[in-house]
Amino acid sequence: MELPRTISWLFAMAAFFLKCTESLGTWSYRGPESPDTWAHHYPDCAGHKQSPVNIVPKQTVFDAGLADLTINYEPNVLAKLENNGHSIQASFLTGKSNISGGGLPSRFQTAQLHFHWGSENLRGSEHQINGRKYPMEIHIVHYNAEKYPNASTAMKKPDGLAVLGILVELQANDNPVLNSITDMLETIRYKGDNRNFRCPKALFIPSSRNQPILHLQRLSHHRYR
């Protein structure tokens, strides 16, 4: 399976998951291990506050007291790109890239990013906007670095993680920003395959290429927990 190469960035959606519901266990979107069975294997999936969600903008509430989300990403960091059997994930090995504000209780350091894509262009994203699914969704996972020593510890805590979700749209031409990842896909075709690489800041937030810090305004993203 290949990541779509002809994509553009539609908008950023800040989705703060204060409890990790992703597991390294066996699961699927179809068949005997479909979402209907997840709660039997993973108790967190039986809760009342679940992710992903369908965001209906007309039903969302504007919070005038919510500060802008501050994104402070370094120009490039050393990362390990891995095929984990479910997705392609880049785990950061160096750097202090972080996000703060936007209702977060403290500074959250970047830990990894991964992709969700489908077998066809009409679906692939986990979240939806007005019921529409997008070809791909990128999740940038951060952990509460001011309270916990690492992401493994933070993921077990109710205030441990914050995930920035970005919905991806198709375009006519390939997006060169993704070349650092797509050029290596052939070398990580199987579960467990991995390669180290330099992950550029533009891969996270392309509009911030010439800005050391990006302030994501309240009107440009949605937030939930």
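Atom OH of residue Y143 and atom CZ of residue R107 lie 8.0 Å apart, to the nearest 0.5 angstrom. Taking CD1 from I181 and CD1 from I138, the interatomic distance works out to 7.5 Å, rounded to the nearest 0.5 Å. Summarising the geometry, atom OG belonging to S91 is positioned 11.0 Å from atom CG belonging to L78; distances are rounded to the nearest 0.5 Å. With rounding to the nearest 0.5 angstrom, the CD atom of Q59 is 8.5 Å from the CG atom of N130. Atom OH of residue Y134 and atom CG of residue N121 lie 14.0 Å apart, to the nearest 0.5 angstrom. With rounding to the nearest 0.5 angstrom, the CG atom of L164 is 10.5 Å from the CG atom of L113.
For R132 and E169, the salt-bridge test passes: some basic side-chain N is under 4.0 Å from an acidic carboxylate O.
Of all heavy-atom pairs spanning G101 and L69, the tightest one is O-CD1, 3.9 Å. Between V168 and P135 the shortest heavy-atom distance is O-CD, 3.1 Å. The heavy-atom pair separating P57 from I55 by the smallest distance is CD-O, 3.4 Å.
No side-chain heavy atom of I99 sits under 4.5 Å from any side-chain heavy atom of T110. Taking 4.5 Å as the limit, some side-chain heavy atom of H116 sits within range of a side-chain heavy atom of H139. Put simply, the side chain of R195 reaches to within 4.5 Å of the side chain of M184, judged on heavy atoms. Within the 4.5 Å cutoff, no side-chain heavy atoms of R189 are placed close to those of L185. Taking the side chain as every heavy atom from C-beta outward, W117 and S125 never approach each other to under 4.5 Å. Side-chain contact between N72 and S97: absent, with no pair of heavy atoms (C-beta onward) separated by less than 4.5 Å. Looking at V53 and Q128, their side chains never come closer than 4.5 Å, going by heavy atoms from C-beta outward. Inter-residue side-chain proximity for N54 and H127 is flagged as unmet; no heavy-atom pair is nearer than 4.5 Å.
The backbone N or O of N173 sits less than 3.5 Å from a side-chain atom of Q171, completing a donor-acceptor pair. In this structure, the side chain of N83 engages the main chain of I188 through a donor-acceptor pair within 3.5 Å. Checked by atom type and distance alone, the side chain of H142 never pairs as donor or acceptor with a backbone atom of Q109 at under 3.5 Å. With hydrogens and angles ignored, the 3.5 Å screen pairs a side-chain donor or acceptor of E74 with a backbone N or O of K96. With S180 contributing its side chain and C199 its backbone, the two residues share no donor-acceptor pair below 3.5 Å. Under the 3.5 Å distance criterion, the side-chain polar atoms of D193 are matched with a main-chain donor or acceptor of Y190. A donor-acceptor distance shorter than 3.5 angstrom exists from the side chain of S87 to the backbone of F115, with no hydrogens or angles considered. Judged purely by atom type and a 3.5 angstrom limit, T182 uses its side chain to pair as donor or acceptor with the backbone of L178.
The cluster map of Ile, Leu, Val, Met, Phe, Trp and Tyr, joined by side-chain heavy atoms under 4.5 Å apart, puts Y148 and F108 in different clusters.
Partners of E82 by side chain to side chain contact (heavy atoms under 4.5 Å, CB included), not counting sequence neighbours, listed by chain and number: K80, N194. In this structure, the side chain to side chain contact (heavy atoms under 4.5 Å, CB included) partners of E120, at least two apart in sequence or on a different chain, are L122, R123. Partners of S106 by side chain to side chain donor-acceptor pair (under 3.5 Å), not counting sequence neighbours, listed by chain and number: N144.
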Step-by-step side chain to side chain contact (heavy atoms under 4.5 Å, CB included) determination, N196 to L93: CA-CA 9 Å; N196 287 357; L93 305 176; 3.9 Å; yes
